[in-house]
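Below is one structure; the comments refer to it alone.
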Amino acid sequence: MGKLLVKNKDLVVPGEVLVEGMDYVPGSGVFREGEMIVANSVGLVSVDNRLVKLIPLTGFYAPKKNDTVIGKVANINFNGWMIDIGHSNFAMLSLKEATNEYIDKKADLSKYYDFGDVVVAKIISTTKDGTSDLTMKGPGLNKLVNGRVIEVASTKVPRIIGKQGSMITIIKTKTNCKVVVGQNGKVWIQSENPEEERKAIDIIRFIEKESVKEGLTEKVEKLLK
Amino acid sequence: MSYTKRNDGRKFDETREIKAEVGVIKNADGSAKFQIGKTIAIAAVYGPRNLYPKFLQNPEKGMLRCNYNMLSFSVDERIRPGPSRRSKEISLVTERALSPAVDLSTFTNAVVDVFVEIIQADAGTRCAGICAASMALADAGIPMRDLVAAVSVGKVGDKLVVDLNKLEEDYEGGATDVPIAVLPRNGEISLLQMDGEMEVKEIKEALEIGKKACEKIAEIQRKALKEKYKGD
């Protein structure tokens, strides 16, 4: 009979044994060793029926399929753009996936996206060696002009977006800013009024700091009143 | 010559006072400070980041790159700053002590840099460095099989002791220093060096008391890590 050694929402560190026995299934952030399930990073335990996993509190961004990310054009090749998405490897945005318009083979690619341009793109595939491919065909996927990009921990992104986007909607409506959140922890903010931009950044930093506390949405609403 | 009492009044299997703190360097992805007695090590972790020159990249696993450095004011007489033969060796053994604990397959083609700086030295610096580095790696969120705890054991005169200080290392009746690093969950040893002479039987015994000390150190490491994230 398997034995659960921790409770839901317990804080654990690498090497801590969570489960003894084969009755539970390891999810993300944990691994099986012999008959035990062990944590591999700092996080909060989440037990869902027989699935044991960790909600990470720290860590780097690993690209996943269908993630919407914000990146910067780092290099231009003959067949596309290399985008820095905050991962150790650049992601590839190929000619075919870049725009809906026709791009001539001889065209100067920097006319479309130049070095340093910030783009919103979606990951269509990742490989085990760390490279990933992007697409910019789809709603909301475009070049971002003006505004600024701030970086937050990618583990906090779900809290900034909130349940069904509740948190991000509050920020957008209360501060009158345009906000785009990338799964890679990059947040683009733009507003006519620098004061409002400042306010939005402060709120995002606040969420990042208090991310695990309960009732965050209410707190943010109070702050923005 | 018989070594009947330790010069700082500790028991023979007692470590010096340990303090650990996580998140001491704001700009690093992960960082930690580890103090054992008068020895203080700070570690900073950066990455995973791009690895150049490109031929070093490995599509199957990432690379862990450690750098140990002793600051010029860390010892009684100023040491020349910069890399030395000794620091190069310790960088290498630190890397090898940490590698078994780190899941390198999660950051292929990339490198994680670990910088260990000794800001105050009173023997056992490589062990303090490894302890700090393993906490810093966990703080950076690098997937790990276990934390790594390290301590030096040894023989001073005719007694087996744990965690030698500088005075004991320089004991005129002869001292042997055996730094060990342990993955505490399953007791795997990832670092074992010896400076001096010891009998096989003594080494076996020393390892046992070293492992016990490492378990205590690991407990302090875990507590320090939880301390940082508890407030979240």
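We name chains A, B, ... by the order of the sequence lines, and we start the count at 1 in each one.
Between Tyr229(B) and Val13(A) the shortest side-chain heavy-atom distance does not fall below 4.5 Å. Residues Lys226(B) and Glu16(A) have side chains in contact (heavy-atom distance under 4.5 Å, counting atoms from C-beta outward). Val38(A) is listed as a side-chain neighbour of Arg185(B), based on a closest heavy-atom distance under 4.5 Å.
Counting heavy-atom neighbours within 6.0 Å of Lys9(A) NZ, excluding the residue itself, gives a total of 12 or less. Around NZ of Lys174(A), the count of heavy atoms belonging to other residues, nucleotides or ligands within 6.0 Å exceeds 12. The number of heavy-atom neighbours closer than 6.0 Å to CZ of Arg32(A), taken from other residues, nucleotides and ligands shown, is above 12. Heavy-atom contacts from other residues, nucleotides or ligands closer than 6.0 Å to NZ of Lys155(B) number more than 12.
With respect to chain B, the highest number of heavy-atom pairs below 4.5 Å among Asn89(A), Thr127(A), Val42(A) belongs to Val42(A). Counting heavy-atom pairs under 4.5 Å between each of Arg222(B), Gln57(B), Arg145(B), Lys61(B) and chain A puts Arg145(B) at the top. Among Pro184(B), Ala110(B), Pro143(B), the residue with the largest count of heavy-atom pairs under 4.5 Å with chain A is Pro143(B).
Note that CG of Leu225(B) and OG of Ser41(A) are 11.0 Å apart. Values are rounded to the nearest 0.5 Å. Interatomic distance, Asn40(A) CG to Thr106(B) OG1, rounded to the nearest 0.5 Å: 8.0 Å.
For Ala138(B), the parts sitting under 4.5 Å from any heavy atom of chain A are the backbone and the side chain alike. With a 4.5 Å cut-off on non-hydrogen atoms, Asn186(B) touches chain A through its side chain but not through its backbone. With a threshold of 4.5 angstrom between heavy atoms, Ser134(B) does not approach chain A through any atom at all. Heavy atoms of Leu183(B) lying under 4.5 Å from chain A are absent altogether. Contact of Ala39(A) with chain B is made through the backbone alone, with heavy-atom distances under 4.5 Å.
Ala149(B) meets the side-chain contact (heavy atoms from CB on, under 4.5 Å) test with Cys214(B), Ile217(B), Ala218(B), Gln221(B); sequence neighbours excluded.
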Legend entry - From CA spacing to verdict: side-chain contact (heavy atoms from CB on, under 4.5 Å), Ile142(B), Phe60(A): CA-CA 8 Å; Ile142(B) 312 290; Phe60(A) 52 91; 4.1 Å; yes

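The backbone N or O of Leu51(B) sits nowhere less than 3.5 Å from a side-chain atom of Ser88(A) that would complete a donor-acceptor pair.
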